[in-house]
Amino acid sequence: METPWEYRFSCRAQAMKSSVIRELLKLTEQPDIISFAGGLPAPEVFPVEAFQRASKKVLAENGPKALQYGPTEGYLPLRQLIAEKCSQPGYQVQAENVLITSGSQQALDLIGMTFINRGDYLLVESPTYLGALQAWNPYGPQYVTISTDDDGLDTGDLEKQLRKGPKFIYVIPTFQNPLGVTMSLKRREELVTLADRYGVPIMEDDPYGKLRFEGEDLPTVAALDNKLRGGKDSTVSNVVYMSTFSKTLAPGMRIAWVIAPPEVINKLVMAKQGTDLQTPTINQYITYEVAKDGFLEEHIKKIVEVYRERRNVMLEAFDEYMPEGVTWTRPQGGLFLWLKVPEYMDTVDIFKDAVEQKVAFVPGISFHADGSVHNTMRFNFSNSTPEMIVEGVNRISMVIKKKMKR
Ligand SMILES: Cc1ncc(COP(=O)(O)O)c(C=O)c1O
């Protein structure tokens, strides 16, 4: 008898739905389209030669070890390097606090597995990273959204929601995806103070923090939380911090990390054992070889130059082509910016017309956990050349102008 598969799927699998937006985004895969839709780094800045040299060295000097299974926690020299790089004044990270994951996306899934019970409240920014919602939806949480503005998550809105007893707060404080905005220092301090007062942990997702084009670096929420606790011991913390090499070196390596207190790391390790045993040993060896001895910092300087120029070109193109009534964020780093059209417009309609004009973006609705906002759109500026950016923005502006009420 043929298996009717849909009746065999678990409730969890049934909660995994392909979104309308994902289906629409397939349209952007045509080769002649100018796409601002993905979140892809620029392939022309991938350090291909550094990876080539590192791979050769790793295989020549450590071949059998790099091809063997390794500990779930990750390759110790890489964990030590990350601990060193993530330490800030008053926030000393130890290798024991670091777990290597297969992308930050896996860290999000492990967090879902480890923390979320069906019906738990989770506080998320509105809008937030779509991939986090996708990772957590199968665990059946209820999302409570916190409003955001140019200074990031609105801490004024937060206290009221903290009283509902959420399981955790999820926040992308620096060059947020999809908004591109950065949470101010004052708000970061308020966030850690309020979270501490209500005893609610914070999940800090920080893939873009190193891609700063201008302005001062801000302390991570994890470091501020540590300061609040006397600034001595990073193992006692209210924050689970995630970051990745996807945006600074290459997403294809799938090397990312979590920094958390030991009891959280232990649970995440158990969850990871059942998921993939470990992140590929050879990718960890090679990434370590590439990232060490200052190469990472030098390479980041190069990509920041390229992305800063692309951001500038996109902002200038918006200034030049977008009609009155359209507004956008001005990110100081990262890969994205966020555009708002008048409320009577629906950006899914704009998207469909834009694709006919061979240009694409992501309609903002998919980033809102409550699906409530229809007039926003996310633009990626890292993955298109300046010429493509000008042409693409011009085409989209024409679609928007046609839909505007006069
Ligand atoms: C906010 C955020 N978190 C996590 C990820 C996943 O990154 P990774 O490639 O490390 O899995 C992304 C990727 O775009 C992201 O924007």
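Counting starts at 1 for both ligands and their atoms, following the listed order. Atom set for the values below is all heavy atoms of this structure, side chains included, hydrogens, waters and symmetry mates excluded. If you read the sequence from its start, that first residue is 1, and numbering goes on from there.
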Any N or O on S246 sitting closer than 3.5 Å to an N or O of ligand 1?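 Yes, since at least one N or O of S246 sits under 3.5 Å from an N or O of ligand 1.
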N394-E320 side chain donor-acceptor pair, cut-off 3.5 Å: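 Not at all, the side chains of N394 and E320 share no donor-acceptor pair under 3.5 Å.
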Enumerated ligand 1 atoms positioned under 4.0 Å from heavy atoms of [X]:
X	value
N177	15 (C), 16 (O)
K247	13 (C), 14 (O)
Y208	13 (C), 14 (O), 15 (C), 16 (O)
P207	1 (C), 2 (C), 3 (N), 15 (C)
S104	4 (C), 6 (C), 7 (O), 8 (P), 10 (O), 11 (O)
R254	8 (P), 9 (O), 11 (O)

Of all pairs that satisfy ring pair (Phe, Tyr, Trp, His ring centres under 6.0 Å), the ones with a partner from residues 34-62, not counting sequence neighbours: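 Those involving residues 34-62 are F36-F379.
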What I want to find out is whether E298 reaches K301 closely enough, with some N-O distance under 4.0 Å, to be called a salt bridge.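 Answer for the salt bridge query: yes.
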Could E214 and R311 be called an ion pair, given the rule that one side-chain N must be under 4.0 Å from one carboxylate O?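 Salt bridge flag = yes for R311 with E214.
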Given F336, which of F367, F381, Y208 fulfils the ring pair (Phe, Tyr, Trp, His ring centres under 6.0 Å) condition?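 Exactly one option meets the ring pair (Phe, Tyr, Trp, His ring centres under 6.0 Å) with F336, and it is Y208.
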For R53 and K57, indicate whether the former's side chain and the latter's backbone hold a donor-acceptor pair under 3.5 Å.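 Answer holds: no.
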Would you say E204's side chain and V221's backbone share a donor-acceptor pair under 3.5 angstrom?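 Looks like yes, one N/O pair under 3.5 Å.
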Among protein heavy atoms, which sits nearest to atom 5 (C) of ligand 1, and what does the distance come to when rounded to 0.1 Å?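 It is Y129 OH, 3.4 Å.
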Tell me, which protein residue and heavy-atom name are nearest atom 1 (C) of ligand 1, and how many Å apart are they?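 Residue, atom and distance for the closest contact: D205 OD2, 3.3 Å.
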